Amino acid sequence: MNAVDTNVLIDACDGRDPLKQERALALVGSLDSSVLLWQVACEFVAASRKLAGQGFTPVAAWNRLAEFAALMPIVAPTPNALQLAKAIHVDRGVSFWDSVLLGACLDAGVRRLHSEDVPGGRIEGIEVVNPFA
């Protein structure tokens, strides 16, 4: 199963780099067996404020989120996600927020995370792929 990080969704809405936007949109539209992690959905709406200069409003963010959710079902974490995150953070030395995201991935059965922010490679069985590299 696949998931995307918040940065991919933001890039899909950011017109300042048309090539990157096109690649992000193509990725989101082409992923088979993918989910939208709850925290990514929440972070997307919060992070979209940096697109305000392009006329991207809170209403636009919520509407875009609905479009993304139509492509990828939203999956909420269980309490176990925090325990998984703790192990990644403490045992592997991964940053806190990356660990929380990876814990949610493990909790949801995600095996490939597309992100340009989380260091690439394999972490606890999750392949982290930078879609813009």
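Everything quoted here is computed from the prediction, not taken from an experiment. Atom set for the values below is all heavy atoms of this structure, side chains included, hydrogens, waters and symmetry mates excluded.
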For Arg111, side-chain contact (heavy atoms from CB on, under 4.5 Å) partners two or more places apart: Leu106, Ile126

Tell me which pairs pass salt bridge (Lys or Arg N to Asp or Glu O under 4.0 Å) where either residue lies in residues 67-92, with sequence neighbours left out. Arg64-Glu67, Arg92-Glu124

Quick one: side chain to side chain donor-acceptor pair (under 3.5 Å) partners of Thr6, sequence neighbours excluded? Glu43

Linking directly or through intermediates, with side-chain heavy atoms under 4.5 Å: list the remaining ILVMFWY members grouped with Phe96, chain and number order. Trp97, Val100

So how far is it from Leu31 CG to Asn2 CG, rounded to the nearest 0.5 Å? 5.0 Å

Are side-chain heavy atoms of Leu36 and Leu9 found at a separation under 4.5 Å? yes

Please identify each residue that fulfils side chain to side chain donor-acceptor pair (under 3.5 Å) with Glu127, with sequence neighbours left out. Arg112

Going by side-chain contact (heavy atoms from CB on, under 4.5 Å), name the residues that satisfy it together with Trp62, two or more places apart in sequence or in a different chain. Val45, Leu65

Of all heavy-atom pairs between Leu37 and Ala108, which one has the smallest distance, and what is that distance? CD2-CB, 4.0 Å

What's the separation between atom CZ in Phe44 and atom OG in Ser48, rounded to the nearest 0.5 Å? 5.5 Å

Taken in chain and number order and not counting sequence neighbours, the residues that satisfy side-chain contact (heavy atoms from CB on, under 4.5 Å) with Phe132 are Val8, Asp11, Lys20, Arg23, Ala24, Glu116, Asn130

Check whether any side-chain heavy atom of Val94 sits under 4.5 Å from a side-chain heavy atom of Val118, and report yes or no. no

Nearest heavy atoms of Ala104 and Gln39, plus distance in Å: CB-OE1, 3.3 Å

Clusters formed by hydrophobic residues whose side-chain heavy atoms approach within less than 4.5 Å: which one holds Val59, and what are its other members? none

If you take all heavy atoms of Pro73 and Ser34, which pair is closest and at what distance? CD-O, 3.4 Å

Which residues pass the ring-ring contact (aromatic ring centres under 6.0 Å, His included) test with His114, sequence neighbours left out? none

Given Arg16 and Leu51, is the side-chain contact (heavy atoms from CB on, under 4.5 Å) satisfied, shown in steps? CA-CA 9 Å; Arg16 291 176 292 190; Leu51 302 176; 4.0 Å; yes

Partner set under side chain to side chain donor-acceptor pair (under 3.5 Å) for Gln54, not counting sequence neighbours: Asp14

Residues Gln83, Asn80; criterion side-chain contact (heavy atoms from CB on, under 4.5 Å); working and verdict: CA-CA 5 Å; Gln83 292 305 311; Asn80 187 49; 4.1 Å; yes

Set of residues satisfying ring-ring contact (aromatic ring centres under 6.0 Å, His included) with respect to Phe56, sequence neighbours excluded: none

In this structure, CG of Asp5 is separated from CG of Leu101 (nearest 0.5 Å) by 5.0 Å

Can you find a heavy atom in the side chain of Ser115 that is under 4.5 Å from one in the side chain of Asn7? yes

Do Trp38 and Met1 share a hydrophobic cluster, counting only Ile, Leu, Val, Met, Phe, Trp and Tyr and linking them when any side-chain heavy atoms are less than 4.5 Å apart? yes

Can you name the nearest heavy-atom pair linking Phe68 to Cys13, along with the distance? CZ-SG, 4.1 Å

Check side chain to side chain donor-acceptor pair (under 3.5 Å) between Thr78 and all other residues, then give those that pass, not counting sequence neighbours. Asp107

